[in-house]
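In each ligand, atom 1 is the first atom listed, and ligand 1 is the first ligand listed. One is the number of the first residue; the rest follow in order along the sequence.
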Amino acid sequence: MEMVEGAWKAVDMRVTQLVWGLLRNVMGVELTGTPTTKGLPLIDSPTPIVVAITIYLSCVIGGLLWIKASNLKPRAQEPALLQALVLLHNLFCFGLSLYMCIGIIYQAILNRYTLWGNSYKLEQTEMAILVYMFYMSKYVEFMDTIIMVLKRNTRQITFLHVYHHSSIALIWWIIAYHAPGGEAYFSAALNSGVHVFMYLYYFLAAVLRGNEKVRRKYLFWGRYLTQLQMFQFGLNLLQAYYDRKVHAPYPPFLITILFYYMISLLVLFANFYVHKYVMSSPKGKQKTSKAE
Ligand SMILES: CC(C)(COP(=O)(O)OP(=O)(O)OC[C@H]1O[C@@H](n2cnc3c(N)ncnc32)[C@H](O)[C@@H]1OP(=O)(O)O)[C@@H](O)C(=O)NCCC(=O)NCCSC(=O)CC(=O)O
C-alpha cells in the first residue's frame, strides 16, 4: 500500500509539473484553483484526469489493434450483457445531462446571469458544484468509446470522436479547478441540453438494433442532431468572440481555449456531416461515381 502511495505521489509530482509548465509556457497562465471545488474527488491536481485520458487512449488503441489483429466484425446479434450495458449507460447519461442542464439554467437565473459576459464568483457554490459534476461526467463519457470497441464498431472510432473525448475532459478539469461558474455556465448548460438528445438518439439506436427499416424510420432526425451540435459549436464560437471583444470578466485564457477549440470541432463536424449525410446519400453517391 505504501509503495502504491509513493508511486502515485511521484507520478502526481511529474504530471503536475508537466501540466503547470505547459500552461505557463504555452498560455502564460498560472492555475490557482478555487476554494469552491477544492477537496472534491479528482480535482485538486491534474493527475487523475491525465491518467484517465492515458488509460482511455491505451484502451482505444489496444482495442483497435485487437479488432484488427483478430479480424473482428460487428456482430449481427450482440451479447445480452453488452446490450444491457449500452442501454444503461445511455439512460444514465440522458438523465444526468437533463439534470445538469436544468440545474445550471436554474442557477444562472437565480444568480441573475446575462446570456454572455458573466464573471465567476466564489459565493456561487451551487453553480460550481454543477460545473464540477459536468467535469465528472466526462469520465463517464469515456464509456462511449469503450462501447464502440466492445461492439467492434471501428467506423465510429474516428479521430473526431477520440480527439473530442480526450481533450474535452482535460479542458473541463481546468475549468472546474480554476473558474467553475461565470461564462462556463453557457457551454455546460448548452452541451448538457444537446447531450439529452444525443443519448436519447443512442438509446433508441440500441433499442431498435436489428430492424434497419424501423430504425431508419425513428432515427431520421440524426442529421438534425448533428446540425444541432454544429449550431452549438457556432454559438460557443460567437460567445468566445463576444467575450474577447468586450473583455468579459472571465479568465481570458479560457475564452481563448473556447475560441480555438470550437473552430476545431466545427471543422471536424463539418467533415463528418459531409461524409455521413451528403456523400453517402443516393444523390451524393451518384455524383461521386460520375466524377470517377
Ligand atoms: C448522430 C450522432 C450523435 C452520432 O453519429 P454516429 O455516426 O455515431 O451515429 P450512429 O447512427 O452510427 O449510431 C448508432 C450506433 O451507436 C451505438 N451506440 C449506442 N450508444 C452509444 C454510445 N453511448 N456511444 C457510442 N455508440 C453508441 C448504437 O448501438 C449503434 O450501433 P450499431 O450501428 O452497431 O447498432 C452525430 O451527430 C455525432 O455526434 N457524430 C460525431 C461522432 C461522435 O463520436 N459523436 C459523439 C461525441 S461528440 C459530442 O459529444 C459533441 C457534443 O458535445 O455535442
Mutual orientation of the aromatic rings belonging to [X] and [Y] [parallel < 30°, tilted 30-60°, perpendicular > 60°]:
X      : Y      : value
Tyr163 : Tyr261 : tilted
Tyr177 : Trp173 : parallel
Tyr277 : Tyr273 : tilted
Tyr201 : Trp221 : perpendicular

Phe134 six-ring face occupied by Lys138 cation (under 6.0 Å, within 45°)
yes

Structural part of [X] in contact with ligand 1, heavy atom criterion under 4.0 angstrom:
X      : value
Val86  : side chain
Leu265 : neither
His89  : side chain
Asn90  : side chain
Leu219 : neither
Met148 : side chain

Relative to [atom], which among [options] owns the nearest non-hydrogen atom?
atom                    : options                        : result
atom 40 (N) of ligand 1 : Phe94, Phe272, Phe233, Tyr277  : Phe272
atom 50 (O) of ligand 1 : Gln156, His195, Glu212         : His195
atom 21 (C) of ligand 1 : Trp221, Tyr224, Phe269, Tyr202 : Tyr202

What atoms in ligand 1 come closer than 4.0 Å to a heavy atom of [X]?
X      : answer
Arg209 : 32 (P), 34 (O), 35 (O)
Leu225 : 3 (C)
Thr226 : 1 (C), 36 (C), 37 (O)
Ala205 : 14 (C)
Met198 : 3 (C), 46 (C), 50 (O)
Gln232 : 52 (C), 54 (O)
Lys276 : 5 (O), 6 (P), 7 (O), 9 (O), 10 (P), 11 (O), 12 (O)
Asn191 : 52 (C), 53 (O), 54 (O)

For ligand 1, is [X] a contact, meaning one of its heavy atoms is under 4.0 Å away?
X      : answer
Phe203 : no
Arg223 : no
Arg215 : yes

Can you check whether [X] has an N/O within less than 3.5 Å of an N/O in ligand 1?
X      : value
His161 : yes
Asn153 : yes
Tyr199 : no
Gln229 : yes

For [X] and [Y], which I'm curious about, is there any donor-acceptor pair between the side chains at under 3.5 Å?
X      : Y      : answer
Thr145 : Tyr56  : yes
Glu183 : Gln239 : yes
Tyr106 : Asn111 : no
His161 : Asp144 : no
Asn191 : Ser187 : no
Tyr120 : Thr36  : yes
Lys73  : Asn71  : yes

Starting from [atom], find the nearest protein heavy-atom neighbour and note its residue, name and distance.
atom                    : answer
atom 41 (C) of ligand 1 : Leu160 CD2, 3.6 Å
atom 12 (O) of ligand 1 : Arg155 NH1, 2.8 Å
atom 11 (O) of ligand 1 : Tyr201 OH, 2.6 Å
atom 28 (C) of ligand 1 : Lys151 CE, 3.9 Å
atom 47 (C) of ligand 1 : His165 CE1, 3.5 Å

Is the Phe253-His178 ring centre distance short of 6.0 angstrom?
yes

On a heavy-atom basis, which atom in [X] and which in [Y] lie closest, and how many Å separate them?
X      : Y      : value
Ala206 : Val86  : CB-CG1, 3.7 Å
Leu237 : Phe259 : CD1-O, 3.4 Å
Pro249 : Gly117 : CD-O, 3.6 Å

Exactly one of Tyr242, Tyr113, Trp116 should register a ring pair (Phe, Tyr, Trp, His ring centres under 6.0 Å) with Phe186. Which one does?
Trp116

